[in-house]
Amino acid sequence: MKISSLFVSMLFSLPIWMYAQNHSALDVQFGGHRSGIILENPLLKDEYIEHNGFHVGLHYQRKIGQRWWLRMGGRFTELNYKTPEKLLRWGTDFDPNTGLPRIDTTRSKVQFFHNHRYIEIPLLARYFFTKTKLGLYAELGFSSSFYLNTRASNVQDGIRISETQKDSKPFHLAGLAALGLNYQFTDQWSLFFQPSIRHDITPTAGKTRDRYSNYFYSYGIDVGGRIALN
């Protein structure tokens, strides 16, 4: 816990140092992704499958070398997964004498969706392989993730019932990586496009009565725009 507190303190102190520097910029970034969950219990690995999610955020950047930029900001992230759709029969659909399904009974289609929402503070280093108008770069870093809530939905025969609940740790860390292209329109404006991946470093939930922890992962595409400040 002391390491996590130190990491968060460093993240919040960085903008104070970066504000007075030259070669700074702001960027807005949006990403769509597929996200899933990894469980330590192998018996449950087929119970949850990937689902669509997204994130959107604002970053402050500081140039720290000829090819290096340091990026830090905040973003809203939704990491989702779902269960496979299953066909269920209710107890009244079975013959009490034989235990077999009654003839011509109706089966219900049931599926569960879990949408986990976080406020993340990423700290990233971006390295440019090329310094031309169309620049190729790689990005690597970490994100501190602060849990907001979970939107859990039960869809039965096309009817969705949802509720908001809290079922995760308040804080965890994740690793981030991307490989992208940056197009420099002018000295002040540029656009970037990058495939990106995210993977939890610490679990999103502690040990439960089923004795497993879970880790989110995601992969997708980000797009963004950047404006130079000085």
Side-chain angles (χ1 to χ4, degrees), residues 7-8 10-11 14-15 17-18 21-38 49-81 115-146 172-204 214-229:
F7 183 78
V8 173
M10 291 173 60
L11 286 175
L14 274 171
W17 171 78
M18 295 167 70
Q21 309 299 317
N22 295 323
H23 307 295
S24 59
L26 285 176
D27 75 56
V28 177
Q29 181 175 325
F30 174 82
H33 56 242
R34 296 281 291 179
S35 57
I37 194 169
I38 298 174
I49 56 179
E50 296 175 351
H51 193 41
N52 298 325
F54 74 96
H55 58 258
V56 60
L58 178 69
H59 299 85
Y60 185 89
Q61 303 183 39
R62 156 67 177 157
K63 191 173 183 179
I64 56 175
Q66 290 297 318
R67 296 177 180 267
W68 289 94
W69 286 80
L70 188 64
R71 302 175 68 229
M72 184 232 178
R75 69 185 192 182
F76 173 83
T77 299
E78 190 172 276
L79 297 167
N80 306 328
Y81 60 91
N115 305 328
H116 293 253
R117 297 156 178 173
Y118 295 89
I119 293 295
E120 296 193 304
I121 301 178
L123 176 61
L124 301 152
R126 178 178 285 186
Y127 177 79
F128 280 84
F129 297 103
T130 60
K131 298 171 63 178
T132 58
K133 193 171 186 178
L134 183 61
L136 174 66
Y137 66 86
E139 191 172 81
L140 185 65
F142 301 90
S143 176
S144 52
S145 300
F146 299 89
H172 72 279
L173 295 175
L176 309 173
L179 181 66
L181 292 173
N182 182 85
Y183 184 77
Q184 195 75 36
F185 283 98
T186 67
D187 290 340
Q188 189 175 22
W189 293 94
S190 64
L191 294 177
F192 60 90
F193 168 89
Q194 60 182 43
S196 64
I197 58 174
R198 179 195 183 281
H199 199 291
D200 284 345
I201 298 173
T202 57
T204 60
N214 48 23
Y215 297 81
F216 273 112
Y217 68 89
S218 67
Y219 56 92
I221 300 294
D222 299 341
V223 294
R226 185 177 70 167
I227 178 173
L229 300 180

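- Of all heavy-atom pairs spanning E50 and G36, the tightest one is CG-CA, 4.2 Å.
- Judged as a side chain to side chain contact (heavy atoms under 4.5 Å, CB included), and not counting sequence neighbours, the contacts of L140 are A177.
- Between the CG atom in L79 and the CZ atom in F54 there is a gap of 10.0 Å [rounded to 0.5 Å].
- The NE2 atom of H172 sits 9.0 Å away from the CD1 atom of I201 when rounded to the nearest 0.5 Å.
- Proximity of a side-chain donor or acceptor of T130 to a complementary backbone N or O of L136 within less than 3.5 Å is detected.
- Take S35 and apply the side chain to side chain donor-acceptor pair (under 3.5 Å) test, not counting sequence neighbours, and it matches no residue.
- Remark: R117 engages E78 in a salt bridge (Lys or Arg N to Asp or Glu O under 4.0 Å) (not counting sequence neighbours).
- For the side chain to side chain contact (heavy atoms under 4.5 Å, CB included) test, residues two or more places apart in sequence or in another chain that qualify with A228 are Q188.
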Query - Residues F142, L123; criterion side-chain contact (heavy atoms from CB on, under 4.5 Å); working and verdict - result: CA-CA 6 Å; F142 301 90; L123 176 61; 5.6 Å; no
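- Residues satisfying the side chain to side chain contact (heavy atoms under 4.5 Å, CB included) criterion with L191, sequence neighbours excluded, are F185.
- In this structure, the separation between NE2 on H116 and OG1 on T77 is 13.5 Å, given to the nearest 0.5 Å.
- Among pairs with a residue in residues 122-135, those fulfilling salt bridge (charged side-chain N to carboxylate O under 4.0 Å, His left out) read R126-E139, at least two apart in sequence or across chains.
- Closest of all the heavy-atom pairs between G57 and R75 is CA-CB, 3.5 Å.
- Here H59 pairs with nothing under the ring-ring contact (aromatic ring centres under 6.0 Å, His included) rule; sequence neighbours left out.
- With sequence neighbours left out, the side chain to side chain donor-acceptor pair (under 3.5 Å) criterion links R34 to N52.
- Taking each heavy atom of G225 and F192 in turn, the nearest pair found is N-CE2, 3.9 Å.
- For Y127, the ring-ring contact (aromatic ring centres under 6.0 Å, His included) partners are W68, F129, not counting sequence neighbours.
- When all heavy atoms of T202 and Y215 are compared, the pair lying nearest together is C-CE2, 3.7 Å.
- You'll find the side chain of F193 reaches within 4.5 Å of the side chain of I221, heavy atoms only.
- For the pair Y118 and S145, the tightest heavy-atom approach, listed with the atom from each and the gap, is CD2-CB, 4.0 Å.
- With rounding to the nearest 0.5 Å, the separation of CG in L229 from OG in S24 is 4.5 Å.
- Pairing each heavy atom of H23 with each of W69, the nearest pair is O-CZ3, 3.3 Å.
- Within the model, atoms OG1 of T204 and CG of L173 stand 12.5 Å from one another, a figure rounded to the nearest 0.5 Å.
- Listed by chain and residue number, R71 satisfy the salt bridge (Lys or Arg N to Asp or Glu O under 4.0 Å) test with D27 (two or more places apart in sequence, or in another chain).
- In this view, Y219 satisfies the ring-ring contact (aromatic ring centres under 6.0 Å, His included) rule with no residue, not counting sequence neighbours.
- Y137 pairs by the ring-ring contact (aromatic ring centres under 6.0 Å, His included) definition with F128, not counting sequence neighbours.
- Expressed to the nearest 0.5 Å, how far CZ of F76 lies from NE2 of H55 amounts to 12.0 Å.
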Query raised in the report: What's the verdict on side-chain contact (heavy atoms from CB on, under 4.5 Å) for Y60 and L26, showing C-alpha distance, side-chain angles and the deciding distance?
Result: CA-CA 5 Å; Y60 185 89; L26 285 176; 3.7 Å; yes
